[in-house]
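Report on the structure given below.
Nothing fancy with the numbering, it's 1 onward along the sequence.
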Amino acid sequence: MALGTSGCRLKASIALRDWPRSIARARRWHPLLAGAALLAPGMASAQESEPEASIGATYTTDILSNLRGGVARKARQMGKLDITGQVKGSVFGIDALSLHADVQLIHGGGFSDEAAGDAQVVSNIDAPAGLRPLQAYAAMRFGPGGAGVIKAGLVDLNSDFDVQEVGAFFINASHGIGPDFSQSGVNGPSIFPTTASAVTMEWAGQGWTARVGLFDAVAGDVDRPRRTVIRFPGESGALLVGEVDIAIDRVGVQLGGWSYTGRFDAIEQDNPGSRRQIPANRGLYGLIEGSLVKGTDRSLDAWARIGAANSAINPIGLYLGGGLTYRNGRNHVGLALGHARLGDASIRAGAASGARPGRAETVIEVSFRHQLSDRLAVQPDVQYVIDPHWDPSRGNALVAGMRLQFTLF
């Protein structure tokens, strides 16, 4: 799986063979669900509000060219059609309940694998082609003033956890979810382009928000990347995530951690052909972001993120990223840096196989976005990748291109 891709031909299948067993397990959850309902006083009001349904669609396309270095000098056009829908207000007679869905159609992926040759992925819409649901979940508010939220269903982990709000302006995937996290799991965590079933909970206090999540450990089907598989959360092992966000004036601080319950193949094996598995596939991350200058129609924002993962299991042991953006009316410009460092186990394993991997892959990105109208934005972008995929022999890659984003409705 390409690292950092937080997203397909018009064919998708859903594995239903495990549903009877999953439904049987769900029955054991019925008392818990009933108890959760009791935590939401007034969620079914005497005078129910009318349901409100909304739907939206956007199309994003990247036209990128690898001008030098990397794997090959070639250009590629990629696209993502994103259709979202939600229903709020007296769903099944419960005012605090809402339903959400997000379906995406991807085409033209493979630019990083076939051209730039990088690990962090220069485009965050670069993914195997196909049509699949990204999210389909129910959310329920509970507690005083609706301070708490529970989600259950198919959930994009990166919609709640490890969100880099300032970094989301950029095209490189590392500025969405850090590659120290996105590399984890046998098929990646529950992020674009393939998600997994989950139960998450959030509680907002005065100046802080805490989140926890239990995700199925395997997103989709390892052997069939275009296939969507829905399992009961934890059926294939569990990914546990926790995060606390703290707001201080115009600055936000984010601290999070993640851990898988199962055992994973160690990068270094004792003997050729052996398969040594170890526990403790986990990591930590921290982020600080905020406004340096804030005006009525302009702002100068900055962010910095650090993340670490168990390098005995995962290639990237440490990641450092961050940058600056300046917004003035319809114009938005920014400079970002992503630095992904290989762990010692990967360095030794590469040397043992005859390769000479570099210690780090570093990408520098400069991007400018202009909102031409309410429905169209244009974003020229340039990225320079040093030691793509930690391979100094490939030559540094220079990628230039443009993103177009259309709001359809």
Side-chain angles (χ1 to χ4, degrees), residues 6 29 32-43 86 88 94-98 100 135 137-168 175-178 180-182 184-185 189-191 195-217 233-234 237-261 280-291 303-310 319 321-322:
S6 144
W29 284 45
L32 298 178
L33 296 175
L38 293 176
L39 294 175
M43 68 180 185
Q86 65 178 3
K88 294 182 177 181
I94 303 174
D95 282 348
L97 185 67
S98 58
H100 304 257
Q135 298 200 97
Y137 65 85
M140 186 176 70
R141 292 197 169 274
F142 66 94
V149 180
I150 293 178
K151 288 183 181 181
L154 200 63
V155 179
D156 176 12
L157 181 150
N158 194 218
S159 66
D160 294 313
F161 299 91
D162 198 9
V163 178
Q164 304 174 61
E165 292 187 1
V166 179
H175 307 311
I177 181 172
D180 50 286
F181 197 173
S182 68
S184 68
S190 180
I191 59 173
T195 51
S197 57
V199 177
T200 70
M201 185 171 70
E202 172 183 305
W203 186 272
Q206 187 65 37
W208 60 270
T209 303
R211 301 180 182 91
V212 293
L214 185 155
F215 293 79
D216 195 75
L239 165 60
L240 307 174
V241 191
E243 180 181 293
V244 175
D245 295 354
I246 303 170
I248 307 171
D249 196 16
R250 294 185 302 189
V251 176
V253 178
Q254 182 185 104
L255 301 172
W258 51 271
S259 179
Y260 288 84
T261 58
N281 188 3
R282 58 177 66 116
L284 297 169
Y285 59 90
L287 175 143
I288 183 169
E289 61 185 357
S291 297
W303 96 102
R305 183 194 179 280
I306 182 171
N310 184 347
Y319 172 78

(message) Main chain of Ser184, side chain of Asn281: is a donor-acceptor contact present, judged purely on distance under 3.5 Å?
(response) no
(message) Quick one, Leu239 and Ser190 - any side-chain contact, counting heavy atoms below 4.5 Å?
(response) no
(message) With rounding to the nearest 0.5 angstrom, report the CZ to CD distance, Arg305 to Glu289.
(response) 11.5 Å
(request) Drop me the distance from Trp258's CH2 to Arg282's CZ, to the nearest 0.5 angstrom. (result) 9.5 Å
(message) Any non-hydrogen side-chain atom of His100 less than 4.5 Å from a side-chain atom of Ser159?
(response) no
(message) Ring-plane angle category for Phe142 and Trp203, please: parallel below 30°, perpendicular beyond 60°, tilted otherwise.
(response) tilted
(request) For the pair Asp249 (side chain) and Val251 (backbone), establish whether a donor and an acceptor sit closer than 3.5 Å, ignoring hydrogens and angles. (result) no
(request) Please round to the nearest 0.5 Å and tell me the distance separating atom CG of Leu214 and atom OG1 of Thr261. (result) 8.5 Å
(message) I'd like to check Arg141 versus Val149 (side-chain heavy atoms, cut-off strictly below 4.5 Å). Are they in contact?
(response) yes
(request) Mind checking the CZ-CG spacing from Phe161 to Asp245? Nearest 0.5 Å is all I need. (result) 9.5 Å
(request) Please examine the side chains of Phe215 and Thr200, heavy atoms only from C-beta on, and report whether any two atoms are closer than 4.5 Å. (result) yes
(message) Minimum heavy-atom separation for Pro233 and Ala198, please, with both atom names.
(response) CG-N, 3.9 Å
(message) For the OG1 atom of Thr209 and the CD atom of Gln254, what is their distance to the nearest 0.5 Å?
(response) 10.5 Å
(message) Ignoring hydrogens, what is the shortest heavy-atom contact between Ser182 and Pro189? Give both atom names and the distance.
(response) O-CD, 3.3 Å
(message) Could you report the tightest heavy-atom contact between Gly286 and Leu255, atom names first, then the distance?
(response) CA-CD2, 4.3 Å
(request) Go through the steps to decide whether Glu243 and Tyr285 satisfy the test side chain to side chain donor-acceptor pair (under 3.5 Å), and finish with yes or no. (result) CA-CA 9 Å; Glu243 180 181 293; Tyr285 59 90; 2.6 Å; yes
(request) Would you give the length of the straight line joining atom CD1 of Ile306 to atom CD1 of Ile288, rounded to the nearest 0.5 angstrom? (result) 12.5 Å
(request) Just say parallel, tilted or perpendicular for the rings of His175 and Trp303, cut-offs at 30° and 60°. (result) perpendicular
(request) Using a 4.5 Å cut-off on heavy atoms from C-beta on, say whether the side chain of Asp160 contacts that of Val241. (result) no
(request) State, yes or no, whether a side-chain contact exists between Leu157 and Ile177 at a heavy-atom distance under 4.5 Å. (result) yes
